[in-house]
Amino acid sequence: MDDVSKPTVSKPTLYDLFEDTSLQNCQRLLEAGEIPTPQQLAGILSVNADRPLPAWFLDLVAKSLRGELKRRAGRPKERLIQQIRFAAATADYRAYLGWLTKRDRTSGLRGWSILREQDWWSGPPHERAAKIVARKWRLPISWRSFLNRISSDK
């Protein structure tokens, strides 16, 4: 009996599952109800141009080109991981704010000479704390937007 080798199906990598230009990630997001933007579709097309594209993806691109692919109006909902990161950044902000406020009362905020040159080491304690947290957590918003958001979330 001939041993007919079947094509092996490899396990998807983290790249396949979560990279913006991955077809599997696009399919996963569609199943979760998220509709890709035209920029995301263009990125997927350009990265995967050297291989055959699945029919479901070609249908998705065709709908997008016809204008039949509609996203919900307004700001998209945040993913759970984004909500967790923001909550952790907010807790970090409160800790930094307490430390900077206490330091301002006791010894001032002048700081070491190397700190004085940093862009995040300027302003009152609440601004400094927001700048530090936005940089540390690599938030996709400015420190001012961060402060606006935490003041509106109370």
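Heavy-atom minimum distance, Ser46 versus Gly43: OG-O, 3.0 Å. Of all the heavy atoms in Arg149 and Ser152, the pair that sits closest is O-OG, 3.0 Å. Looking at every heavy atom in both residues, Phe146 comes nearest to Ala130 through CD2-CB, 4.1 Å. Scanning both residues, Ile141 and Ala134, for their nearest heavy atoms gives O-CB, 4.5 Å.
Ile132 CD1 to Trp137 CH2: the interatomic distance, rounded to the nearest 0.5 Å, is 14.5 Å. For the atom pair CD of Gln40 and CG of Leu45, the computed distance is 12.5 Å after rounding to the nearest 0.5 Å. Here Phe86 contributes atom CZ and Leu139 contributes atom CG; the two are 7.0 Å apart, rounded to the nearest 0.5 Å. Atom CD of Glu68 and atom CG of Asp59 lie 10.5 Å apart (nearest 0.5 Å).
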Walk me through whether Gln27 and Leu23 qualify under side chain to side chain contact (heavy atoms under 4.5 Å, CB included).
CA-CA 6 Å; Gln27 190 171 26; Leu23 285 167; over 6 Å; no

Can you list the steps and then say if Arg28 with Glu19 is a salt bridge (charged side-chain N to carboxylate O under 4.0 Å, His left out)?
CA-CA 11 Å; Arg28 182 182 61 79; Glu19 180 63 30; over 6 Å; no

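Although no hydrogens or angles enter the test, the distance criterion places a donor-acceptor pair under 3.5 Å between the side chain of Arg85 and the main chain of Arg138. When atom types are taken as modelled, the side chain of Asn48 and the backbone of Ile44 share a donor-acceptor pair closer than 3.5 angstrom. Of the possible polar contacts, one joining the Thr106 side chain to the Lys102 backbone as a donor-acceptor pair under 3.5 Å is found. Distance alone, capped at 3.5 Å, places no donor-acceptor pair between the Arg135 side chain and the Trp120 backbone.
Within the 4.5 Å cutoff, no side-chain heavy atoms of Tyr96 are placed close to those of Arg128. In this structure, Cys26 and Leu60 have side chains that are in contact, with non-hydrogen atoms separated by less than 4.5 Å. Contact annotation: the side chain of Arg103 approaches that of Leu109 to within less than 4.5 Å [non-hydrogen atoms, C-beta and beyond]. Put simply, the side chain of Lys131 reaches to within 4.5 Å of the side chain of Glu127, judged on heavy atoms. Put simply, the side chain of Leu41 reaches to within 4.5 Å of the side chain of Leu69, judged on heavy atoms.
Remark: Leu29 engages Asn25, Glu34, Arg79 in a side-chain contact (heavy atoms from CB on, under 4.5 Å) (not counting sequence neighbours).
Under the 4.5 Å side-chain contact rule for hydrophobic residues, Trp99 and Leu147 share a cluster.
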